[in-house]
Number of protein chains: 2
Amino acid sequence: MSQMQNVERQLREMILGLEIGPGERLTERWIESRFGASRTPVRAALLRLETEGLIGRDGRGWTVAPINLAELGQIAVYREAVEVAAVRLTAALEDRGGVDVIAAMLDSCDAETPREEWHRVGMDFHIELARLSGNEFLLRAVRDAMTRLSRARWLEVRDEKALGRAWAEHHAILAAARAGDADEAARLLSAHIAGSRDRLVTSLHDDRRGLRARGFAVVE
Amino acid sequence: MSQMQNVERQLREMILGLEIGPGERLTERWIESRFGASRTPVRAALLRLETEGLIGRDGRGWTVAPINLAELGQIAVYREAVEVAAVRLTAALEDRGGVDVIAAMLDSCDAETPREEWHRVGMDFHIELARLSGNEFLLRAVRDAMTRLSRARWLEVRDEKALGRAWAEHHAILAAARAGDADEAARLLSAHIAGSRDRLVTSLHDDRRGLRARGFAVVE
DNA sequence: GATACCAGCTTGGTATACCAAAACGGTATC
DNA sequence: GATACCGTTTTGGTATACCAAGCTGGTATC
């Protein structure tokens, strides 16, 4: 694997894992010494992460993207557009066997499963559902949206009940898609995305002081 | 303006203007000498154009993205999802004055207007309509899609009648949006995108031999 | 004549040196 | 004590040298 991919992957993981906090400044020299790569692959990695929206430019320098509550609302609208389109395509497929694979993925989580795994499966549900549509652009759109949401979802304070509700909603969406009921799947998915957004924004808004106390930049 | 932005902009224009043909190979050294910049900004520009889908990797090297007919179909589905969402938001706005600005832009084209300008306005219509929605993600999605479609639309053989029809359809969509009729605007926009796709794919498919004779890679 | 192999060249990947601009810090002045 | 100014340091932008992998063309061998 090339140094560029190496740096890109590790840096992305550090950002998504909040090892580098939202709003933190990055210097190419620090990354260079941190990962043992020279500035050329470091710069390449930064350029890629910039297009993913995980980092941005602050004047001449680089900054880890802050948590942006307004952006979360816009992403929800975007997600609804592309995910609903994807699930409608999936529900119209001849062979909807892929739905069962996703259901099995959901069922691999139980009370013993670590929170990290729930987090990953919750995102992969949406990504894999988009993949079933067979449309590369819808898939990429969902993947990008989930990447941007990842940190916010990780910071969300979710109780046991909320996890169970999301799990049930996911299964209901799959059931409608499996049955070929595009309208019902679309309706359920829209409601699911809107509900997720509401809980997410409310949770982060209520907790914004705590987040800032941890050194995280939060934009409202 | 930095060398990177310089190279990126010029290279993009050369690719979109078909001065560098679809499928053509690119070497960093050629670009370096062609634009008088060193490899560092050249590589940065290539990385950005790669994320735009205008160039891709061919093993170790770089290749201008071929014209891909299957991709055109997928983009149409993607466009429909995001553009319909955008126009619905726009139709629901309190202040829909921006619609008239777009209408004026359409009306700036007449029989004397060069084809290049029609091409640009035809794309900007969709981009500006998405901008009115106020959603950054929908806007970016439409802009990206139009960038990817740009070369194909330029290669399409369009008669006077087709241009007039597109112009009329654009105005009808604006009228519905201005009236706040989201359903009608969505219906018209969906039909417009589907019709555009059909004409585009048919035209390029019929002309694929001619395109290949010009040295353009065409994937079906 | 075909094929296997080798040398040279091309090319992307990487490291690094140099530069200008901006940020920082300290000092002198009011 | 505040502020304006200047030198130092830091930082991103750029150019370039070097490397390894892969391609090319030619040659030698069968």
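Throughout, a chain's letter reflects where its sequence line sits, starting with A, and its residues are numbered from 1. Every heavy atom of this structure was used, including side-chain atoms; hydrogens, water molecules and symmetry mates were not.
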Main-chain N/O of [Y] paired with [X] side-chain donor or acceptor, under 3.5 Å:
| X | Y | answer |
| --- | --- | --- |
| A/Arg96 | A/Ala177 | yes |
| B/Glu24 | B/Gly21 | yes |
| B/Asp110 | B/Thr113 | yes |

### Message
Does anything in residues 25-47 of chain A come within less than 4.0 Å of DNA chain D? Heavy atoms only, and list the residues if so.
### Response
A/Leu26, A/Thr27, A/Glu28, A/Arg29, A/Arg39, A/Arg43
### Query
What are the residues of residues 8-15 of chain A, sorted by number, that bring a heavy atom to within less than 4.0 Å of DNA chain D?
none
### Task
Evaluate the ring planes of A/Phe125 and A/His192, with Trp represented by its six-membered ring, and classify them as parallel (under 30°), tilted (30 to 60°) or perpendicular (over 60°).
perpendicular
Indicate whether the side chain of [X] and that of [Y] have a donor and an acceptor atom separated by less than 3.5 Å.
| X | Y | value |
| --- | --- | --- |
| B/Thr147 | B/Asp144 | no |
| B/Glu156 | B/Ser203 | no |
| A/Arg79 | A/His126 | yes |

## Note on the structure
Bounded by its outermost nucleotides with an atom under 4.0 Å from a heavy atom of chain B, the footprint on DNA chain D reads D/dT14 to D/dA21
### Query
Below 4.0 angstrom, N of the basic side chain to O of the carboxylate: do A/Glu220 and A/Arg212 qualify?
yes
### Query
Any ion pair linking A/Glu8 and A/Arg12 (charged N to carboxylate O, less than 4.0 Å)?
yes
### Query
Counting any heavy atom closer than 4.0 Å, what does A/Gly59 reach on the DNA or RNA strands: base, sugar-phosphate only, or nothing?
nothing
#### Entry: Distance under 6.0 Å and angle within 45° of ring axis: B/Arg25 vs B/Trp62
no
